[in-house]
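What follows is one structure encoded as structure tokens, with my remarks underneath.
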Amino acid sequence: MNHAPIRADSLEAESYRSLRTTLSYSHLPEGRRVVLFTSARRNEGKSTTAANFAAVCAYGERPTLLIDADLRNPRVESLFGLADGFGLSALLASGGSAGLAEIAVSTRIPTLDLVPAGGAVANAAELLSRQKLGDLIESARATYEWVVVDAPPVLPIADAAILSRLVDGVVLVVDVSRTPIEAVRRAKDLLRAVDAPLLGVVANRSPVKATAYGYGRYPG
Amino acid sequence: MSIGRLVKVLGHHWRLVSVLTVALLAGVAAVVYTTVPSYRASALLQVQAPLSTDGTVSLQDTLSARERAVTIVALGNTWDVAQRAAKTIGSGAGIKNCSFAQSGQSEFLNATCTGTVREAVAGAANAYATALQTLLETQRQAQIAEVTAVYQKQVAVLKKQGVTPANFPAPPIYPSYREIEVIDSAATPRSAFAPRPLRTLMIAFVLGLLVNTGLAFLLEHVQNRARSPEELRNALGLPVLVAIPKFSRSSGRTTPAPVQAVVRAPRREARAGAAGEP
């Protein structure tokens with residue numbers, strides 16, 4: 001395969017690989033895994049973390065699908081340089097029989113596909129509650145080893161709580177440089193209240209010297 | 001508050017505390033080193049108590065002198081004394097302020113002058129002391145003249161009445177000493193009393209450190225953030241799956257390496273035709 005290599009000495013790339021390893025050995029079901037990334041508030045790096053996590057999974061030769069389920073504030077399209085087009089919101093809003101094959105977009109890596117949000121919508125909670133989303137995720141589970149869902153933040157809206165019932169694990173991304181710990185606690189309590197399978201937290205934008213968490217600069 | 005807590009808070013906000021303290025020191029240093037130095041000199045005066053016949057000073061007279069000192073200080077700080085002193089000092093001597101003050105509750109007074117010309121302040125303090133002494137002496141002489149005139153009028157009346165001199169009342173007795181004496185003239189000061197750079201900077205450093213540490217505690221309370229994965233794990237009771245470092249702004253990148261690698265990878269055909277590829 002002709003992949004553009006990820007720099008081996010890149011600290012951030014290594015941290016995403018470390019996350020992949022941790023989740024691989026977590027309590028997720030063997031083989032096919034659906035993981036949702038959310039955060040307490042906006043701008044904590046949730047979409048970036050989900051996108052990079054999906055990228056390292058794909059580089060690990062595992063078929064991976066990244067679903068942008070943040071229908072109010074989609075970010076994945078811009079991260080991957082995609083133009084707005086037909087996406088999840090349009091699929092959920094339509095009554096037709098269109099499915100995953102119609103909205104999945106391939107990327108420059110054969111093992112990574114995307115489901116773009118397809119433009120911001122106002123009635124996101126209603127769309128995400130439809131059975132069609134559950135069917136879509138089950139369909140993805142049959143095709144991909146890793147299904148990564150980028151969900152909206154927990155505190156302002158209920159979307160993440162709705163989505164958490166459809167996935168195998170939930171990862172809470174926390175911007176340690178600015179998010180009040182009380183906000184993260186409230187987000188955790190909300191997810192616990194809906195029995196979300198909370199796997200743990202990603203300490204985003206951490207001080208570099210976090211050697212206790214398994215990465216460091218090493219020769220390329 | 002424990003030392004551990006102090007160290008932790010300062011560890012979180014050491015940049016803020018350092019920057020603010022250094023900025024404060026720089027500001028204070030700029031003010032200190034651009035301020036024109038001030039000099040101060042004092043002359044010491046003593047309010048005199050009358051001597052007893054045996055040459056000693058009674059306690060009552062000493063107490064009286066101390067009470068009198070209060071009145072004399074008030075007199076010293078009047079326009080009259082300032083005017084008299086000004087004639088001696090002359091203009092352009094850089095004198096900013098002169099005043100009298102009682103030394104504690106004693107019979108001693110200080111005539112103190114401050115100014116920007118080191119050589120002039122001692123002369124000004126001495127001029128003020130002398131001016132006060134002269135004013136008091138003028139007043140004393142005027143009182144003596146008044147009492148003497150009254151006595152002479154009484155004697156003249158008695159003479160007209162044919163009273164013999166032996167039966168005249170005794171002449172009034174006047175104290176022979178001046179009311180205040182300069183007992184220590186002001187000397188030219190060796191150094192400026194203000195500003196004092198080292199002392200001022202040390203005070204600014206200590207105060208700055210205290211205030212900025214207080215600010216750090218305030219921020220800690222208001223922000224209440226978990227600054228490390230360990231703190232996050234302890235606060236939430238959840239495992240920290242990974243700690244992702246903060247991107248270096250100097251690198252100019254807005255997306256981290258894995259996504260960049262995807263975007264830069266060679267194009268391939270779209271898997272589904274419904275949406276366009278980048």
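Every chain is numbered from 1 and lettered A, B, ... according to where its sequence line falls, protein lines coming before strand lines. Computed from a predicted model, the values in this text were never measured in an experiment.
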- [ ] Provide the closest heavy-atom pair for A:Ser15 versus B:Ala243 in the form atom of the first, atom of the second, distance.
- [x] CB-O, 3.8 Å
Open item on the list: How close do B:Ile244 and A:Val202 get, counting heavy atoms only, and between which atoms?
Closed with: CD1-CG1, 3.5 Å
Task: Region of A:Leu114 in contact with chain B, defined by heavy-atom distances below 4.5 Å - done: neither
Task: Beyond-backbone contact of A:Leu199 with B:Leu238, side-chain heavy atoms, under 4.5 angstrom - done: no
TODO: Give a yes or no on this: more than 12 heavy atoms of other residues, nucleotides or ligands lie within 6.0 Å of atom NZ of B:Lys96.
DONE: yes
Open item on the list: Is any side-chain heavy atom of B:Leu232 closer than 4.5 Å to one of A:Val201?
Closed with: yes
Task: Which portion of A:Arg192 sits near chain B, non-hydrogen atoms under 4.5 angstrom - done: side chain
Open item on the list: For the CZ atom on A:Arg62, are there more than 12 heavy atoms of other groups (residues, nucleotides or ligands in this structure) within a distance under 6.0 Å?
Closed with: no
Task: Part of A:Ser177 lying under 4.5 Å from any heavy atom of chain B - done: both
TODO: Check the surroundings of atom CZ in B:Arg196: do more than 12 heavy atoms from other residues, nucleotides or ligands lie under 6.0 Å from it?
DONE: yes
- [ ] Answer whether the closest heavy-atom distance between the side chains of B:Leu236 and A:Arg185 falls below 4.5 Å.
- [x] yes
- [ ] Could you tell me which portion of A:Thr49 (side chain, backbone, both or neither) has an atom closer than 4.5 angstrom to a non-hydrogen atom of chain B?
- [x] side chain
Open item on the list: Using every non-hydrogen atom in the two residues, find where A:Ala203 and B:Val240 come nearest and quote the distance to one decimal.
Closed with: CB-CG1, 4.0 Å
